[in-house]
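Just so it is clear, the values below take in all heavy atoms, side chains as well, and ignore hydrogens, waters and symmetry mates. Here is the naming used below: chain letters follow the sequence lines, and residue numbers restart at 1 for every chain.
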There are 2 protein chains.
Amino acid sequence: MRYSADHKEQTRRAVLDSSAALAKENGFAPMGVDGLMKAVGLTGGAFYSHFASKDDLFQAVVERELTRSLALLGGDESLSKEKIKRCVRGYLSLSHVQDPAGGCVIPALGSEIARAEGPARLSAEHWLCELHRAWGEVLGDEDLAWGAIAQCVGALMVARMMATPERQQRVVDASYQLLCQQVDALTAAD
Amino acid sequence: MRYSADHKEQTRRAVLDSSAALAKENGFAPMGVDGLMKAVGLTGGAFYSHFASKDDLFQAVVERELTRSLALLGGDESLSKEKIKRCVRGYLSLSHVQDPAGGCVIPALGSEIARAEGPARLSAEHWLCELHRAWGEVLGDEDLAWGAIAQCVGALMVARMMATPERQQRVVDASYQLLCQQVDALTAAD
DNA sequence: GTCTATACGATGATAGAC
DNA sequence: GTCTATCATCGTATAGAC
């Protein structure tokens with residue numbers, strides 16, 4: 001073949017990376033196959049050597065993103081309350097608010113995922129439940145585990161609707177303080 | 001004129017109502033002007049007698065929705081902790097999770113609003129700050145006011161990503177319990 | 001595997017008849 | 001104000017040359 005053995009895999013990975021960032025930035029639906037491939041230096045026609053359809057890409061993007069986020073937030077075996085607090089601190093940060101392309105997929109594409117009825121939604125459900133299980137084990141409180149996840153997702157969405165950095169910071173800080181209080185209250189009760 | 005005086009206003013209202021529901025259900029971007037007008041029994045061409053552009057409609061939809069939600073959640077002068085809890089109970093309900101078309105615009109179109117740079121985003125910011133002010137006054141805790149808003153938004157988004165009603169219910173119930181605990185803790189400290 | 005060219009439908013928006 | 005007809009553009013996806 002005219003192309004090296006792993007060239008295809010590398011290209012597919014590049015398309016996936018670029019598409020994920022673009023989708024989180026501007027939404028998945030308005031993203032065109034043409035512009036998507038141009039972003040990695042190729043033309044639209046080459047897309048279908050790597051993905052069966054745009055829907056196929058959506059599923060791949062969601063799975064890639066969720067796997068990455070899970071590894072970042074709860075994949076580690078040595079999870080502890082302190083580590084969760086550190087993860088949440090990073091999640092509820094101004095830099096995360098202002099960098100949707102590099103951040104978590106849930107606040108960016110959550111509603112699109114919720115509307116999807118295919119495997120993308122099932123992946124999201126599975127990942128969220130997995131994170132809930134991990135956090136619930138450490139926190140010892142299943143309600144708080146769901147509440148913390150919802151708090152993080154909601155705070156980021158609300159902060160991103162704010163126009164000024166000051167207000168964005170205000171929202172994520174408030175959520176972080178609340179979460180810390182709740183986690184610390186549990187610790188005190190141990 | 002061939003049409004009664006308030007006919008235009010009525011039609012505009014109908015388009016607005018229908019578009020808001022459709023946008024919350026399937027997203028605003030993928031909604032076509034043609035299908036949008038067909039939903040109220042008209043053809044696509046008539047759209048531009050009521051809105052300058054699709055962007056103009058987006059702005060109108062967001063403002064309409066936010067005004068309505070604000071009235072429902074914090075517009076009343078007789079706001080109290082108990083009333084906030086009742087509002088939150090309705091917000092964090094299975095019926096709300098399963099009826100995006102009739103529910104709050106923030107979890108449904110939040111990311112699209114956040115990406116908008118025009119008046120729609122400013123409207124959202126203003127409305128969220130207004131709700132925060134109202135809840136903050138009653139709760140006497142500004143952090144908790146932001147946290148409660150974020151909790152509601154996030155829980156609804158997370159619940160909508162769940163595939164089964166049981167898991168959806170689980171998520172919103174957990175968030176409701178947490179919020180009640182926090183509000184009651186404040187009341188006890190009064 | 002990637003390119004160019006193309007088929008085909010849907011989109012946002014406008015013009016003119018009624 | 002609403003309709004039909006139309007334009008220009010862009011969308012996804014495919015076919016064939018290299």
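A donor-acceptor contact shorter than 3.5 Å is absent between the side chain of B/Lys85 and the backbone of B/Leu179. Of the possible donor and acceptor atoms, one in the side chain of A/Gln168 sits under 3.5 Å from a partner among the backbone N and O of A/Met162. Under the 3.5 Å distance criterion, the side-chain polar atoms of A/Arg89 are matched with a main-chain donor or acceptor of A/Leu92.
Other residues, nucleotides and ligands place more than 12 heavy atoms under 6.0 Å from the NZ atom of A/Lys83.
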Enumerate the protein-to-nucleotides 3-5 of chain D contacts in which both atoms are nitrogen or oxygen and the separation is below 3.5 Å.
from: D/dC3; atom 1: OP2; to: B/Thr43; atom 2: N; distance (Å): 2.7
from: D/dC3; atom 1: OP2; to: B/Thr43; atom 2: OG1; distance (Å): 2.8
from: D/dC3; atom 1: O5'; to: B/Thr43; atom 2: OG1; distance (Å): 3.3

Check the interface with nucleotides 10-12 of chain D: list each N/O to N/O pair with the protein under 3.5 Å, or write none.
from: D/dT12; atom 1: OP1; to: A/Met31; atom 2: O; distance (Å): 3.2
from: D/dT12; atom 1: OP1; to: A/Lys54; atom 2: NZ; distance (Å): 2.9
from: D/dT12; atom 1: OP2; to: A/Val33; atom 2: N; distance (Å): 2.8

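Close to C/dT2, at under 4.0 Å from its OP1 or OP2, lies a side-chain N or O of A/Thr11.
In this structure, A/Leu139 is a member of the same hydrophobic cluster as A/Leu70, with clusters built from ILVMFWY side-chain heavy atoms closer than 4.5 Å. Note on A/Val153: it does not cluster hydrophobically with A/Leu94, by side-chain heavy-atom contacts below 4.5 Å among ILVMFWY residues. The hydrophobic cluster containing B/Leu66 also contains B/Leu22, counting ILVMFWY residues as joined when their side-chain heavy atoms lie under 4.5 angstrom apart, directly or transitively.
For A/Met37 and C/dT2, the CE to C1' distance is 9 Å, given to the nearest whole Å. Look at NE2 on B/His50: it is 6 Å from P on D/dG1, rounded to the nearest Å. Here the P atom of nucleotide D/dT2 and the NZ atom of B/Lys38 are 17 Å apart, to the nearest Å. Per the geometry, CD belonging to B/Gln10 stands 11 Å off P belonging to D/dT2, to the nearest Å. Atom CZ of B/Phe47 is separated from atom P of C/dA15 by 16 Å (rounded to the nearest Å). B/Leu57 has its CG atom 12 Å from the C1' atom of C/dG12, to the nearest Å.
Under the ring-ring contact (aromatic ring centres under 6.0 Å, His included) criterion, the residue pairs touching residues 112-168 of chain B are B/His132-B/Trp146, with sequence neighbours excluded. Annotation: ring-ring contact (aromatic ring centres under 6.0 Å, His included) contacts involving residues 28-56 of chain A, sequence neighbours excluded, comprise A/Phe28-A/Phe58, A/Phe47-A/Phe51.
Residues passing the salt bridge (charged side-chain N to carboxylate O under 4.0 Å, His left out) test with B/Glu9: none are found, sequence neighbours excluded.
Note: B/Arg121 CZ to A/Arg160 CZ = 10.5 Å, rounded to the nearest 0.5 Å.
Helix bend of the helix from C/dG1-D/dC18 to C/dC18-D/dG1: the angle between its two end axes, each built from five pairs, comes to 0° after rounding to 10°.
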